[in-house]
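We count residues from 1, following the sequence as given.
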Amino acid sequence: MPVPVPRQRAIPAVESGQAQAAPIVGGPSKEETVRNEATTAENRNNTAHDHGAQRTALAATPADGVHQGVSTTGVSATGVSTTSVSAAGVSTTSVSATGVSATGVSTAHTTLTLLLIEDDPTAAPIVHDLLDADGRPIRVRTARNLTEAERLLTHDVHCILLDLALPAPGRAGGSDDELAVLRHVLELAPRHAVLALTASGDAERGAEAVRVGAQDYLYKDELDGRLLSRAIRYAVERKRSDTAERRLAEGKLRAQENARLERGLLPTPLLEGSPLRFAARYRPGRSRALLGGDFYDTVRTPDGTVHAMIGDVCGHGPDEAALGVELRIAWRALTLAGLCGDELLNTLQQVLEHERDDDEIFATLCTVDIAPDGRRAGLCLAGHPAPLIARPDRPARLLPYDNNGPALGLLPGARWPRTQVELGAEWSLMLYTDGLIEGRIGEGRERLGQDGMVEMIRRQRSEGLSGEALLRAAVNEVRELNGGELTDDVALVLLDRVPAPLP
């Protein structure tokens, strides 16, 4: 795959040598400058050799008259690059292996860049020997105002040194807000570390600057190279740490909100006054999700009929989960309004057709309406596997599924016949989604299937399991047979009718 060519940025006048840089306070002599440049070149060559880089020397005559010198490119496995310009006009592009700053630029092996915003460069408290933690020079850019600073604020700037005495744009010199310029810079560069410069002894203003958002404050006439270098490194690392902590806190808050939302979307059965016992088990296929495309609900209407439903929207993402919730809520509303059987499923199909994002999205559904005496039930299947019924006097089996209609959303104008089934005096009825029966058995391609599921439930009931314990054991065993986590959503609903003891 070709390596993308980085877009060239305009080299600031101070860096390119066209403009006079801020005067050096206590800087090295001319001989030391030559020696430093030679050392920098040697370090650069060593770095390129260590990374196994391919170095290409290019001779060019720039149209703007700025001498660009020799370009050296180094590429590592990470593919993250930064650009540095030395005083001699040599451009170096290198790649860092580790350490990402708040601006998204690697700092472990990247030369730090400082942007000084100061309206009087001749009075700028910048010294030449600014060094990073590895002893490499820190690059300095100078802006006389905020307009120029905005132009120089490229992605490779790590820290901003701001004179708080500068006037903010659009504000008079006598503005009541002494930190207006700082607030403007923080809005302009929210991801960059900011150091505030203030007059000596004005600690109150400096502390207020930190409270507003600066990483630290410094006194103008008390700076030296060692102090400023340390302050820059500290500000960059603190900003990076603050950004990481904020993102972590935002991620945790978002996860908590999603969890509360998903828990709130799970149904609360409305069975007040019914002798039936209810249990449910839900396990989404999505990692770290609480809700998938499966959905279920149970309600009791005023005439004493208990209605139960379970369904499955094709797919496993959040859109499918949202659609499943919509169908469940629509089913509850329609059921409480008195609809049942084919009329209810036809209306649900219309809801699905209006709410789905793709015409190929469909949903399977199983509905059961249990008579007030608990001995009979009506069953409607829309492309969904038939429920399992177990009685004390006979082994567990599947209810009839000969009249299984198409899934919702597949055939316009489809019909779903209602089948009458006899339940008996004492029974357990389990509704489930296909995630329970489509898990594999061992390392082969064979799946559990409905027959395997029936045998599993028979055995677990013979061991005395019932209610939530039965559902939990069923899901756990299916996972073990699959050899790990199931990829599909699993939902189970269990309704039990146990006759009241004789007085």
Side-chain angles (χ1 to χ4, degrees), residues 267 280 282-285 291-298 307-317 319-332 334-335 339-370 377-389 397-421 429-439 447-454 478 486-493 495:
Y282 196 100
R283 192 176 190 90
L291 201 63
D294 292 1
F295 54 98
Y296 66 89
D297 204 352
T298 306
H307 302 261
M309 172 271 291
I310 196 165
D312 183 3
V313 177
C314 65
H316 313 289
D319 292 337
E320 289 77 10
L323 182 56
V325 171
E326 292 181 72
L327 292 176
R328 179 186 67 78
I329 295 175
W331 177 87
R332 174 175 285 199
L334 294 172
T335 300
L339 274 69
C340 185
D342 184 76
E343 185 180 10
L344 185 148
L345 291 177
N346 181 63
T347 307
L348 279 181
Q349 174 160 279
Q350 297 180 41
V351 173
L352 172 64
E353 292 172 347
H354 284 88
E355 296 296 332
R356 63 186 177 184
D357 295 330
D358 191 320
D359 290 342
E360 296 183 358
I361 296 295
F362 63 90
T364 65
L365 197 70
C366 168
T367 67
V368 176
D369 56 279
I370 303 170
L379 171 66
C380 288
L381 297 175
H384 200 87
L388 177 147
I389 185 170
R397 63 179 179 86
L398 298 177
L399 289 180
Y401 49 88
D402 298 336
N403 289 331
N404 196 337
L408 302 180
L410 291 183
L411 298 177
R415 305 300 298 268
W416 296 272
R418 178 176 177 272
T419 302
Q420 187 79 15
V421 295
L429 188 65
M430 189 179 80
L431 286 65
Y432 55 93
T433 57
D434 58 5
L436 184 69
I437 59 178
E438 291 187 348
R447 298 183 183 274
L448 177 64
Q450 288 181 291
D451 293 339
M453 183 265 298
V454 171
V478 169
L486 299 170
T487 58
D488 198 2
D489 307 324
V490 177
L492 299 95
V493 172
L495 292 170

Taking all non-hydrogen atoms of both residues into account, name the closest pair between Gly293 and Asp489 and its distance. N-OD2, 2.7 Å
Is the count of non-hydrogen atoms from other residues, nucleotides or ligands lying under 6.0 Å from Asp358 atom CG greater than 12? yes
Pair Arg356 + Asp319: basic N to acidic O under 4.0 Å: no
Heavy-atom pair of closest approach, residues Gly405 and Trp416: CA-CD1, 3.8 Å
Leu339 vs Thr347 side-chain heavy atoms within contact, under 4.5 Å: yes
Find out whether Leu388 and Met453 are in side-chain contact, i.e. whether some heavy atom of one side chain is under 4.5 Å from a heavy atom of the other. yes
First locate atom CD of Glu326, then atom CG of Leu352, and finally report the distance between them rounded to the nearest 0.5 Å. 9.5 Å
Roughly how far apart are Leu327 CG and Glu355 CD, rounded to 0.5 Å? 8.5 Å
Shortest non-hydrogen separation from Pro267 to Tyr296 and the atoms involved: CG-O, 3.1 Å
Locate the shortest heavy-atom distance separating Ile310 from Ala491; write the atom from each residue and the value. CD1-O, 3.4 Å
Can any side-chain N or O of Tyr432 pair as donor or acceptor with the backbone N or O of Ala386 at less than 3.5 Å? yes
Close side-chain approach of Asp297 and Trp331, heavy atoms under 4.5 Å: yes
If you round to the nearest 0.5 Å, how far is CG of Asp434 from NE2 of His384? 7.0 Å
Out of curiosity, Leu429 CG to Ile370 CD1, how far, rounded to the nearest 0.5 Å? 6.0 Å
If we count only N and O atoms by modelled type, under 3.5 Å, do the side chains of Asp294 and Thr433 hold a donor and an acceptor together? yes
What pair of heavy atoms forms the shortest contact from His354 to Gln350, and how long is it? ND1-O, 2.7 Å
Sub-3.5 Å donor-acceptor pair from the side chain of His307 to the main-chain atoms of Cys340, do we have one? no
Can you tell me if Arg447 uses its side chain to pair, donor with acceptor, with the backbone of Glu438 under 3.5 Å? yes
Glu360, CD atom: more than 12 neighbouring heavy atoms under 6.0 Å: no
CG-CD distance between Asp357 and Glu320, expressed to the nearest 0.5 angstrom: 8.5 Å
Report yes if the side chains of Pro417 and Asp342 come closer than 4.5 Å at any heavy-atom pair, otherwise no. no
For the side chain of Gln349 and the backbone of Gly409, is there at least one donor-acceptor N/O pair under 3.5 Å apart? yes
Distance check, rounded to the nearest 0.5 Å: Leu344 atom CG versus Thr335 atom OG1? 4.5 Å
Going by side chain to side chain contact (heavy atoms under 4.5 Å, CB included), Cys380 matches just one of Leu345, Asn404, Val368. Which one? Leu345
Could you verify whether a donor N or O on one side chain and an acceptor N or O on the other, from Gln450 and Tyr401, lie under 3.5 Å apart? no
Grab the two heavy atoms, one from Gly383 and one from Thr364, that are nearest each other, plus how far apart they are. O-CG2, 3.2 Å
Ignoring hydrogens and angles, state whether a donor on the side chain of Thr419 or Asn403 is under 3.5 Å from an acceptor on the partner side chain. yes
